[in-house]
> 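Pasting a structure here, questions to come.
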Number of protein chains: 2
Amino acid sequence: MNTPILPTRRYRGSAIEARQAQRRQQLVDAASEVYGRNGYRHSSVKQVCDAAGLTQRYFYESFSHSDELLIACYEQAATALREEITSAAERAGPDRLERGRAMLLAYYQALKARPLIANLLLVEIRGISPAVDQAIIRALQEMNRDLTRVVARPDQQPDELLHAGVMGGVIHIALHWMASGYRQPTEVVANTAFKLSAAMQRD
Amino acid sequence: MNTPILPTRRYRGSAIEARQAQRRQQLVDAASEVYGRNGYRHSSVKQVCDAAGLTQRYFYESFSHSDELLIACYEQAATALREEITSAAERAGPDRLERGRAMLLAYYQALKARPLIANLLLVEIRGISPAVDQAIIRALQEMNRDLTRVVARPDQQPDELLHAGVMGGVIHIALHWMASGYRQPTEVVANTAFKLSAAMQRD
DNA sequence: CTGAACTGACAATCTGTATTGCCAAATCAT
DNA sequence: ATGATTTGGCAATACAGATTGTCAGTTCAG
């Protein structure tokens with residue numbers, strides 16, 4: 001009988017899983033760039049693969065649809081952003097209002113620092129497919145939960161609709177700011193959003 | 001020499017311009033329906049023409065790209081919505097706060113009454129093309145102007161960013177409400193948005 | 001009634017992209 | 001060194017939709 005097939009053979013120093021993971025990550029990073037710049041629906045598989053320095057074949061190794069890649073990009077960016085924001089909140093001390101202000105500032109700072117990611121997260125993402133919409137909804141819910149935990153008054157029921165409204169306001173302020181080429185200083189933008197979020201502090 | 005060509009000949013009782021305008025309107029109405037239901041990018045020229053009861057040939061008679069048709073749909077819907085809202089504001093009397101409340105109520109009532117139009121206006125529209133984005137920006141600016149005229153305090157400079165934020169909040173409240181299948185009563189929704197817009201009443 | 005404009009249906013073409021298949025060069029294990 | 005695996009490039013195929021073209025039947029004007 002034959003010896004069983006050895007599925008792992010090292011190549012350029014790393015095992016098959018590592019190589020695949022590496023290629024997948026290359027694709028995600030390149031696609032974040034390309035999608036952020038041209039928009040998802042004006043980008044092709046080939047463009048992404050070229051930008052990643054990989055052949056189209058490797059796209060299908062890691063993803064079955066472009067959707068999947070888009071979702072991977074979105075989730076990577078959203079997770080990173082969320083971590084920045086929550087860590088800024090923790091650094092800001094115990095006061096609820098101060099934490100909220102710090103979160104907003106960190107949010108807008110991050111969007112300004114990486115405009116292409118901002119574009120991907122806020123503009124080039126909506127209405128692609130049900131699966132992508134689900135990913136967006138999940139991400140917004142998570143941010144909403146952070147927001148509630150950190151900023152909302154603990155003595156009252158969170159108002160789901162109102163929170164949606166505040167998040168929408170924060171996002172649209174960002175969109176308006178981005179469309180203007182980041183005209184206003186980041187602090188002014190964060191402060192405007194802070195005024196809006198004051199609606200959560202009343203009944 | 002020949003007699004000059006007579007460009008108009010009546011057909012089924014109407015002149016060429018009237019027939020063309022009629023067909024164009026048929027296309028816009030059918031497309032509003034189709035785009036609202038399936039989304040713009042999941043709709044084809046053929047689908048729209050079938051729904052309009054016209055041949056594809058007539059699409060190219062009135063529009064050179066699908067973009068143009070989408071923009072026509074959007075602007076027709078946005079204009080109608082805007083008229084409903086401003087007329088509701090006028091009916092509400094002179095008080096600024098009352099007018100604002102009436103506008104919001106009219107807004108959400110209209111979205112609930114015509115869900116497909118709501119979908120077209122708020123969901124299936126973003127990030128299609130630069131031209132469409134321009135149309136959206138124009139429409140939002142017009143609503144913003146209405147809002148400023150009717151609701152904002154006349155004794156202070158309008159804060160552009162803050163207005164963008166309030167509009168974004170109003171829209172996201174609508175999106176959240178629509179996604180829930182219009183769960184909450186319209187009055188509750190309008191009232192939530194009203195709380196948010198209170199940010200415009202302070203400095 | 002007759003020829004010209006108009007309409008409606010559909011075929012033909014064009015274009016862009018996803019997806020699969022193939023092969024030569026590079027890299028590995030032994 | 002040698003054969004097997006892996007990689008990269010690219011060709012072949014498949015497909016969907018837009019756009020243009022054709023043509024027979026309908027409606028009009030005089």
Side-chain angles (χ1 to χ4, degrees), chain A residues 2-27 30-31 34-35 38-72 128-129 131-132, chain B residues 2-27 30-31 34-35 38-73 124 128-129 131-132:
Chain A
N2 298 333
T3 54
I5 302 160
L6 286 184
T8 62
R9 172 182 126 177
R10 315 210 122 238
Y11 205 91
R12 287 204 225 259
S14 41
I16 176 77
E17 305 87 12
R19 282 176 348 241
Q20 286 189 359
Q22 151 90 14
R23 286 192 289 252
R24 189 193 143 97
Q25 189 59 45
Q26 272 176 267
L27 284 169
V34 171
Y35 293 165
N38 307 334
Y40 171 72
R41 79 183 60 70
H42 298 111
S43 309
S44 64
V45 171
K46 184 164 189 324
Q47 271 180 289
V48 170
C49 293
D50 287 354
L54 292 173
T55 311
Q56 287 159 273
R57 210 150 55 80
Y58 292 115
F59 174 86
Y60 297 98
E61 178 191 59
S62 289
F63 307 97
S64 52
H65 311 291
S66 301
D67 280 16
E68 276 185 35
L69 176 53
L70 177 62
I71 292 173
I128 301 298
S129 78
V132 178
Chain B
N2 298 333
T3 56
I5 301 160
L6 286 183
T8 61
R9 169 181 128 179
R10 316 210 120 235
Y11 204 91
R12 288 202 221 260
S14 41
I16 176 77
E17 304 86 14
R19 284 177 344 243
Q20 286 189 358
Q22 151 90 17
R23 286 191 290 251
R24 188 193 145 98
Q25 188 59 45
Q26 272 176 267
L27 284 168
V34 172
Y35 293 165
N38 307 335
Y40 172 72
R41 78 182 57 72
H42 297 112
S43 309
S44 65
V45 171
K46 185 167 187 328
Q47 271 180 291
V48 171
C49 293
D50 287 354
L54 291 173
T55 311
Q56 286 161 273
R57 212 150 52 82
Y58 292 116
F59 174 86
Y60 298 98
E61 177 190 60
S62 289
F63 307 97
S64 53
H65 311 291
S66 301
D67 281 15
E68 276 185 34
L69 176 53
L70 177 62
I71 291 173
C73 293
E124 303 292 351
I128 301 296
S129 79
V132 179

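Below, chain A is the first sequence line, B the second, and so on; all start at residue 1.
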> Which of residues 49-62 of chain A have a heavy atom under 4.0 Å from DNA chain C?
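Within this stretch, A:Gln56, A:Arg57, A:Tyr60 sit under 4.0 Å of the strand.
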> May I have the distance from A:His65 (atom NE2) to C:dA18 (atom P), rounded to whole angstrom?
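Whole-Å distance recorded here is 13 Å.
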> Calculate the interatomic distance between A:Arg41 atom CZ and D:dG17 atom P; express it in whole Å.
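Going from A:Arg41 (CZ) to D:dG17 (P), I get 16 Å.
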> What is the distance from NZ of A:Lys46 to P of D:dC10, rounded to the nearest Å?
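Going from NZ in A:Lys46 over to P in D:dC10 covers 8 Å.
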> Any donor and acceptor pair, going by atom type alone, linking the side chain of A:Gln26 with main-chain N or O of A:Ala52 inside 3.5 Å?
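Side chain of A:Gln26 to backbone of A:Ala52, a donor-acceptor pair under 3.5 Å: yes, one is there.
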> Roughly how many Å is it from CD in B:Gln47 to C1' in D:dA18, rounded to a whole number?
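My rounded result for the distance is 14 Å.
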> Checking contacts here: which listed nucleotide (D:dA29, C:dT7, C:dC28) is nearest the side-chain heavy atoms of A:Tyr11?
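From the listed options, C:dC28 comes nearest.
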> What is the distance, rounded to the nearest whole Å, between atom NE2 of B:His42 and atom P of D:dA18?
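Atom NE2 in B:His42 sits about 13 Å away from atom P in D:dA18.
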> Residues in side-chain hydrogen bond (donor to acceptor under 3.5 Å, both in side chains) with B:Glu68, at least two apart?
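Here the qualifying residues are B:Ser64.
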> Could you state the CZ-P distance from A:Phe63 to C:dT19, rounded to the nearest angstrom?
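It is 13 Å, rounded to the nearest whole Å.
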> Counting side-chain heavy atoms from CB outward, which of D:dT27, D:dA18, D:dT5 is closest to A:Arg9?
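For the A:Arg9 side chain, the nearest candidate turns out to be D:dT5.
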> Who are the salt bridge (Lys or Arg N to Asp or Glu O under 4.0 Å) partners of B:Arg23, not counting sequence neighbours?
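Salt bridge (Lys or Arg N to Asp or Glu O under 4.0 Å) check on B:Arg23 returns B:Glu61.
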> A:Gln47: what forms a side-chain hydrogen bond (donor to acceptor under 3.5 Å, both in side chains) with it, not counting sequence neighbours?
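Scan of A:Gln47 (side-chain hydrogen bond (donor to acceptor under 3.5 Å, both in side chains), adjacent residues dropped) gives none.
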> List the residues meeting salt bridge (Lys or Arg N to Asp or Glu O under 4.0 Å) with A:Asp67, not counting sequence neighbours, and say none if there are none.
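Salt bridge (Lys or Arg N to Asp or Glu O under 4.0 Å) check on A:Asp67 returns nothing, list empty.
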> Who pairs with B:Gln25 by side-chain hydrogen bond (donor to acceptor under 3.5 Å, both in side chains), at least two apart in sequence or on another chain?
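By the side-chain hydrogen bond (donor to acceptor under 3.5 Å, both in side chains) rule, B:Gln25 matches B:Asp29, B:Gln76.
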> Under 4.0 Å between any heavy atoms, over every strand shown, what does A:Arg23 touch: base, sugar-phosphate, or nothing? Just pick one.
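It contacts sugar-phosphate atoms only.
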> Quick one: is C:dT27 close enough that its OP1 or OP2 comes under 4.0 Å of any side-chain N or O from A:Arg10?
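Answer no for this pair, as no side-chain N or O of A:Arg10 is under 4.0 Å from OP1 or OP2.
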> Please state how far atom CG in A:Asn38 lies from atom P in C:dG16, giving the value in whole angstrom units.
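My rounded result for the distance is 16 Å.
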> Counting only heavy atoms from other residues, nucleotides and ligands, does the tally under 6.0 Å from NE2 of A:His42 exceed 12?
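Yes - once you tally the heavy atoms of other residues, nucleotides and ligands closer than 6.0 Å, there are more than 12.
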> Find the distance A:Glu68:CD to C:dA18:C1' and express it as a whole number of Å.
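In whole Å, C:dA18 C1' and A:Glu68 CD are 15 Å from each other.
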> Nearest-nucleotide wise, let me know which of B:Gly13 and B:Ser64 is further upstream toward the 5' end of DNA chain D.
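Mapping each residue to its closest nucleotide by heavy atoms, the 5'-most match is B:Ser64.
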